[in-house]
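Input: a single structure, listed below in structure tokens.
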Amino acid sequence: MNYTQRVHRLCKKIPKGKVSTYGRLAKKLNSGPRAVGQALNKNTDPQVPCHRVVMSDGSIGGFNSGVKNKITKLSAEGILVVDGRVPPSVITEV
DNA sequence: AGGGTGACCCGCT
DNA sequence: CAGCGGGCCACCC
């Protein structure tokens, strides 16, 4: 299995209503945070909720055809987004 | 095969 | 406390 697929699988592991951070996943994957971003960047699979992945600060980041779109998705998932960021309560260690 | 990029993180100044 | 630089890993050209 490619590294990218492994990242995708981890994203799917993220429980609904919760989010994870690039650094967290990177540590789980024993890799660098940038690698996670690359994998998700190339990933356009609807079954991979890359929007559930945020920065260590809870910031959404800036991708996916617009941050607003990502925030909308997160809100649809039941994740509270405040000022483009999510509270640490929704950040899970997966 | 080599260089550059990307949705980052940690440390120092 | 805020700003800057370096390091991390994988993928594309």
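Residue numbers begin at 1 in each chain, while the letters A, B, ... track the order of the sequences. Computed from a prediction, not measured in an experiment: that's the story for all the values here.
- Put simply, CG on A/Leu40 is 11 Å from P on B/dA7, counting in whole angstrom units.
- Every side-chain contact (heavy atoms from CB on, under 4.5 Å) that A/Thr21 has, sequence neighbours left out, goes to A/Arg24, A/Val54, A/Ile91.
- Nucleotide B/dC8 holds its C1' atom 13 Å from the CG atom of A/Asn41, rounded to whole Å.
- Remark: A/Pro88 pairs with no residue by the side-chain contact (heavy atoms from CB on, under 4.5 Å) rule, at least two apart or across chains.
- For A/Lys68, there are no salt bridge (Lys or Arg N to Asp or Glu O under 4.0 Å) partners, not counting sequence neighbours.
- Considering every non-hydrogen atom in both A/Ala35 and A/Tyr3, the closest pair reads CB-OH, 3.3 Å.
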Inset, instruction - List the protein contact pattern of nucleotides 2-13 of chain C with one symbol per nucleotide (5' to 3'): B for base contact, S for sugar-phosphate-only contact, - for none; contact means a heavy-atom distance under 4.0 Å. - result: -----BBBBSS-
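- For A/Ser56, there are no side-chain contact (heavy atoms from CB on, under 4.5 Å) partners two or more places apart in sequence or in a different chain.
- Closest heavy-atom contact between A/Gly84 and A/Ile71: CA-CD1, 3.8 Å.
- Using a cutoff of 4.0 Å between basic side-chain nitrogens and carboxylate oxygens, A/Glu93 and A/Lys28 are scored as salt-bridged.
- In this structure, A/Asn2 contributes its side chain and A/Thr4 its backbone to no donor-acceptor pair below 3.5 Å.
- Only at 4.0 angstrom or more do the heavy atoms of residues 73-94 of chain A sit from any atom of DNA chain C, so none qualifies.
- Map A/Lys27 and A/Lys70 each onto its nearest nucleotide of DNA chain B; the residue landing nearer the 5' end is A/Lys70.
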